Amino acid sequence: MSPSRPRATKAVIPAAGLGTRFLPATKATPKEMLPVVDKPAIQYVVEEAVAAGLRDVLMVTGRNKRALEDHFDRAHELELLLAERGDEDRLARVRASSELCAMHYVRQGDPLGLGHAVLCARAHVGDNAFAVLLGDDLMDERDPLLSRMLDVQQQYGGSVVALMEVDPAHIHQYGCAAVNLTDEDDLVRIVDLVEKPKAEEAPSNLAVIGRYVLAPQIFDVLAETRADGRGEIQLTDALRQLAATGSGGPVHGVLFRGRRYDTGDRSDYLRTIVKLACERDDLGPDFSSWLLEYVEKELAPRLRGA
Ligand code: UTP
């Protein structure tokens, strides 16, 4: 490992999308604030950043930024009330989100795409490599990914993208990577990226998922990247440029084989809540037996009759 290259210390979390798939829930609330059991999705993401050693977090917020800022701030009246009641457990849970790390915010005036949201972080990030974690994409804490990506970036420089093997029938929902293998089982060199290809045109079944460690040169490329047909600046387009020119160093992909929950998608969101609730020590036993009974007595007969 190169001793001269510092490890990235800052995380950027874009959370300014419109979340149209969740309307009307997201009319006045960012989708990143939707609860996954009893914590908003975004808190899992911030906790993941902190667990990987990133203690400076910049959130890119949009029109409904208040709920996000309030969630990571102190809530004095609520804390006082819980303290008076002697409810130490809930008090600790309320305080935890405000004590995670140094939180910073920048506003993305218009939702002009993920690439544009990342560009909004330029002044805060400066001339260093930095991590990007999508606020609606959850990685299971038991399957560490970000630390590995930060190590790879420190070792090789350049940028690192998280990749996951998907069913070829679903690759049209993702950015897709054309890759060269390396000596390491979970590491590939990215040679090209295609945004949402048709299955028959996809260069692989490796999908880009919501974790990146980016070289600061991405900002110059993003500033020059044109909006697509929907008026959005795509991060994938800028990464493609970096991979093609090598101007920001190599672009590597780390293959993630762990558990991932896409809470920006309604079906995945529901599956996530059910799974995580079943695994909880406090809620799991009760909820799981209810679920089993519901499946056996109501759902299975209905599906068999269909
Ligand atoms: P999505 O592609 O899921 O878009 O964004 P979206 O607008 O949030 O959701 P739908 O498709 O309308 O339901 C991926 C991530 O990038 C952020 C989102 O908040 C999400 O975390 N994003 C997207 C921004 O911060 N700004 C944008 O302009 C677009």
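All figures in this text were calculated on a predicted structure; none of them were measured in a lab. Counting starts at 1 for both ligands and their atoms, following the listed order.
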Among residues two or more places apart or on two chains, list those pairs meeting side-chain hydrogen bond (donor to acceptor under 3.5 Å, both in side chains) that have a residue in residues 8-27.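 Residue pairs passing side-chain hydrogen bond (donor to acceptor under 3.5 Å, both in side chains), neighbours aside: none found.
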Once rounded to the nearest 0.5 Å, what's the spacing between atom CZ of R63 and atom CG of D110?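 One finds 11.5 Å between CZ of R63 and CG of D110.
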Identify, with sequence neighbours excluded, every residue that meets side chain to side chain donor-acceptor pair (under 3.5 Å) alongside Y156.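 Y156 satisfies side chain to side chain donor-acceptor pair (under 3.5 Å) with E184 once adjacent residues are dropped.
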Taking L270 as the starting point, is it possible to reach Y44 by hopping between hydrophobic residues whose side chains are less than 4.5 Å apart?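 Yes, because Y44 and L270 connect within a single hydrophobic cluster, where side-chain heavy atoms sit under 4.5 Å apart.
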Please list, chain by chain and in numerical order, all residues satisfying salt bridge (charged side-chain N to carboxylate O under 4.0 Å, His left out) with K275, sequence neighbours excluded.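 For K275 there are no salt bridge (charged side-chain N to carboxylate O under 4.0 Å, His left out) partners, ignoring immediate neighbours.
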Output the set of protein residues with a heavy-atom contact under 4.0 Å to ligand 1, ordered first by chain identifier and then by residue number.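 The 4.0 Å shell around ligand 1 contains P14, A15, A16, G17, L18, G19, T20, R21, K31, E32, Q108, P111, L112, G113, L114, A117, G135, D136.
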Taking the six-membered ring of Y174 as reference, does the NZ or CZ atom of K196 fall below 6.0 Å from its centre and within a 45° cone about the axis?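 Pair K196/Y174 does not count as cation-pi.
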